[in-house]
Amino acid sequence: MKLFLVLLLVASALYGAKVVEVSKEYQKSQNCKACHLQIVKDWEESWHAKSHYDKDEYFSKSIEYVARKTRKSPNSVKVQCATCHNPRIAVTDTGLDYEIQVLMGLDEDSKVNKAIESSAINEGINCVVCHNIDKIHHDRDDSFRGMNRVSWTKSGLMVGPFDDTTSPYHKTEYRDFMDKKADELCFVCHANDRSVNDLVFTNMQNEYKQQDKACVDCHMGRKILGVASILRAEDGHAKKREVRQHSFEGAHAEDMWKNALNLDVWQEKDEIYIALKNPQPHNIPSGFGSRELIIDIAYMKLEKIIDTKSISLTRHYTRRKGKPTIPHLAEEMSEDMSIPADETKVIKVKNIAEATGIEVKVYYRLVNDEVRSILELKEAIWAKKNLINSKSIVLQ
Ligand code: HEC
Ligand code: HEC
Ligand code: HEC
Ligand code: HEC
Ligand code: HEC
């Protein structure tokens, strides 16, 4: 036991995230607008910009729920989640001392509360998260993610994909994880997300099947000729460069989910086969744990619907005694129903004798019924069914 404690202390001393304060002139994306206007606008629309308790209902309600069920203060849970959701926060863990302060109502002026309420972090995953990463520590255990997997540059040094830039506002340096190895940057956080019981409920790095495209090719668009900064150089022109968008579109964006899966439907005697092929390099649904695919089937007789059937492909999470819960509190989870990269899932349903045709619609939903009801999510986007693909066939 003693040895274990010592090892644990050594490990956290070695790997514990080191806070590097960001000076005021770099804290906010507003500070970058004058010279990187389009990039800031793209980013503002992205879900990275929403990675803050005040800006994402699903995130904030998950925090409250975890706090209630684990009997911790919500602020302690916020700090825990900040590892990936808000990695420039000024405190990296909270201890028993803090819990006692909260119980006694003495936490108001604490370092923890100040860090959480600081306006420096209310932009979530902003410019100085990605562009201030000095090094990604691949040597660390897989469970070290977000702020625990990186070290930060000195405030004012921006790392980027170019090795020949100069800027009057900040220093610049090249890093390969901003360029050829950008997948590694994404996996700092998009991997190994685990519950309080150490159950890894999503791990994009494991499920990923390398194709000819990198994460940035699909989630930041193709490289196009443009400018990295609108600031004019000595010759009176801004330098032309190959750049990408900063929109990080994903499961919240129609042009991403639409046609994300290929759908095929056919009949063999009194059975209907529905094949879903996933051409993307990661599972769909993927990423966060309670996403869902819904297959709605309508049996038609001439123009009229005579019967319907709905199939849900999602994952369920349980706590003690098999009680349903959210991914972050799970002890166990059901079989993964998502469709792996480059694979096809075939589902068989019975035909109805009098049907003359069948229509199949495949939808994507951000949060399944179970978790929406546990957390009492109110906003419409979590329940909305987003059409991925549809197909009708005439039956024999
Ligand atoms: C999630 C990580 C991430 C965040 C957040 C982010 N960037 Fe980037 N940024 C990248 C990557 C990756 C590239 C390299 C893209 C490429 O291949 O050209 C990049 C490239 C750039 C470039 C070079 C031009 C280009 O398109 O290659 C500039 C300038 C830049 N970012 C500024 C910003 C600013 C300003 C913000 C905040 C509004 C920001 N970035 C937020 C990851 C990020
Ligand atoms: C006064 C103008 C100005 C401001 C303000 C500014 N930058 Fe820049 N930035 C530049 C210029 C100029 C370049 C180089 C452009 C080029 O060579 O194409 C640059 C380049 C970059 C690069 C690419 C570096 C590389 O070598 O790949 C990043 C990343 C970046 N800036 C991030 C930021 C962030 C984040 C902020 C806000 C905190 C910011 N910049 C504010 C002018 C500015
Ligand atoms: C510092 C941690 C971190 C890094 C680095 C990071 N992400 Fe994210 N990303 C997140 C978090 C957290 C969210 C969820 C935010 C939310 O919804 O509140 C997210 C959301 C997204 C989404 C939106 C998903 C959806 O459901 O719409 C996409 C797409 C995405 N990230 C792609 C990338 C790519 C590509 C990279 C690498 C260039 C990257 N991310 C780097 C943490 C990170
Ligand atoms: C060939 C294009 C492609 C590549 C490469 C790609 N993705 Fe995606 N990704 C998609 C599409 C399309 C979706 C939207 C599908 C959906 O969720 O319905 C998506 C969805 C996502 C989501 C939201 C998933 C969810 O269900 O919550 C995240 C997060 C994400 N991608 C991250 C990444 C990361 C990180 C990488 C690199 C390791 C990557 N993607 C590589 C096409 C791609
Ligand atoms: C290992 C890094 C990591 C940690 C730690 C982490 N998250 Fe996340 N979280 C992510 C990433 C990456 C995404 C985006 C995944 C996607 O959209 O597919 C995300 C997405 C989410 C979402 C979905 C948001 C949306 O808009 O759909 C919720 C809710 C969430 N996280 C809650 C939490 C809570 C609560 C904690 C702390 C108990 C936490 N996360 C800790 C990486 C992390």
Side-chain angles (χ1 to χ4, degrees), residues 8 12 47 50-87 89 91-96 98-99 102-103 112 116 124-125 141-149 189-207 251 283 285-293 312-338 365-379 381-383:
L8 206 72
S12 52
W47 277 73
K50 294 203 162 68
S51 178
H52 184 266
Y53 352 106
D54 291 344
K55 295 182 180 157
D56 184 326
E57 187 197 13
Y58 187 13
F59 183 37
S60 63
K61 289 212 170 139
S62 298
I63 289 172
E64 284 164 24
Y65 192 76
V66 171
R68 211 161 63 233
K69 294 285 172 187
T70 57
R71 298 202 175 85
K72 271 194 176 174
S73 63
N75 279 353
S76 290
V77 181
K78 282 180 186 170
V79 170
Q80 202 183 317
C81 309
T83 308
C84 299
H85 282 260
N86 240 314
I89 194 167
V91 294
T92 57
D93 56 37
T94 58
L96 196 57
Y98 179 69
E99 293 299 322
V102 174
L103 280 176
V112 175
I116 285 170
I125 299 163
D141 186 274
D142 261 1
S143 61
F144 287 82
R145 292 288 149 185
M147 59 161 83
N148 296 320
R149 202 162 187 81
C189 306
H190 287 267
N192 226 284
D193 206 351
R194 50 184 68 218
S195 74
V196 296
N197 298 306
D198 254 356
L199 176 80
V200 177
F201 59 80
T202 166
N203 193 343
M204 191 168 269
Q205 190 161 14
N206 273 5
E207 70 187 38
N283 292 28
S286 171
F288 195 62
S290 45
R291 312 274 196 227
E292 183 182 30
L293 287 179
S312 155
L313 301 180
T314 189
R315 222 169 179 174
H316 298 281
Y317 299 86
T318 49
R319 279 190 95 198
R320 258 171 276 133
K321 297 186 193 134
K323 254 189 110 176
T325 189
I326 65 167
H328 292 90
L329 289 172
E331 276 175 15
E332 281 180 50
M333 55 192 177
S334 65
E335 189 193 340
D336 186 3
M337 300 296 278
S338 64
R365 177 141 74 189
L366 284 168
V367 192
N368 65 24
D369 288 343
E370 189 167 84
V371 171
R372 264 192 355 267
S373 107
I374 293 175
L375 293 177
E376 297 175 23
L377 298 183
K378 298 273 180 326
E379 287 171 16
I381 57 158
W382 312 117

Minimum-distance pair of heavy atoms, taken over all atoms of [X] and [Y]:
| X | Y | value |
| --- | --- | --- |
| Tyr98 | Ser73 | CE2-OG, 3.5 Å |
| Ser312 | Glu292 | OG-OE2, 2.6 Å |
| Leu375 | Ser62 | CD1-OG, 3.6 Å |
| Val200 | Arg194 | CG2-NH2, 3.6 Å |
| Met147 | Ile89 | CE-CG2, 3.6 Å |
| Gly124 | His52 | N-CB, 4.5 Å |

Is the side chain of [X] donor-acceptor paired with the backbone N or O of [Y] at a distance under 3.5 Å, no angle test?
| X | Y | answer |
| --- | --- | --- |
| Asn368 | Val371 | yes |
| Ser334 | His316 | yes |
| Glu207 | Asn283 | yes |
| Arg365 | Ile381 | no |

Taking C-beta and beyond as the side chain, do [X] and [Y] meet within less than 4.5 Å on heavy atoms?
| X | Y | value |
| --- | --- | --- |
| Thr94 | Asn75 | no |
| Ser76 | Glu99 | yes |
| Ile326 | Val66 | yes |
| Tyr53 | Asn86 | yes |
| Ser338 | Leu293 | no |
| Cys81 | Ile63 | yes |
| Arg145 | Cys189 | no |
| Arg291 | Leu366 | yes |

If you round to the nearest 0.5 Å, how far is [atom2] of [Y] from [atom1] of [X]?
| X | Y | atom1 | atom2 | answer |
| --- | --- | --- | --- | --- |
| Glu331 | Lys321 | CD | NZ | 11.0 Å |
| Leu329 | Lys69 | CG | NZ | 8.5 Å |
| His85 | Lys55 | NE2 | NZ | 14.0 Å |
| Cys84 | Ile125 | SG | CD1 | 8.0 Å |
| Glu57 | Lys61 | CD | NZ | 4.0 Å |
| Ile374 | Asp369 | CD1 | CG | 11.0 Å |

Side chain to side chain contact (heavy atoms under 4.5 Å, CB included) between Asp336 and Arg315, intermediate numbers included: CA-CA 6 Å; Asp336 186 3; Arg315 222 169 179 174; 3.5 Å; yes
Are [X] and [Y] close enough that a side-chain donor and a side-chain acceptor fall under 3.5 Å?
| X | Y | value |
| --- | --- | --- |
| Glu332 | Thr318 | no |
| Glu370 | Ser290 | no |
| Ser195 | Asn197 | no |

Ring centers of Tyr317, His328 separated by less than 6.0 Å: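 They do not qualify: ring centres at least 6.0 Å apart.
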Worked check of side chain to side chain contact (heavy atoms under 4.5 Å, CB included) between Val196 and Gln80: CA-CA 10 Å; Val196 296; Gln80 202 183 317; 4.0 Å; yes
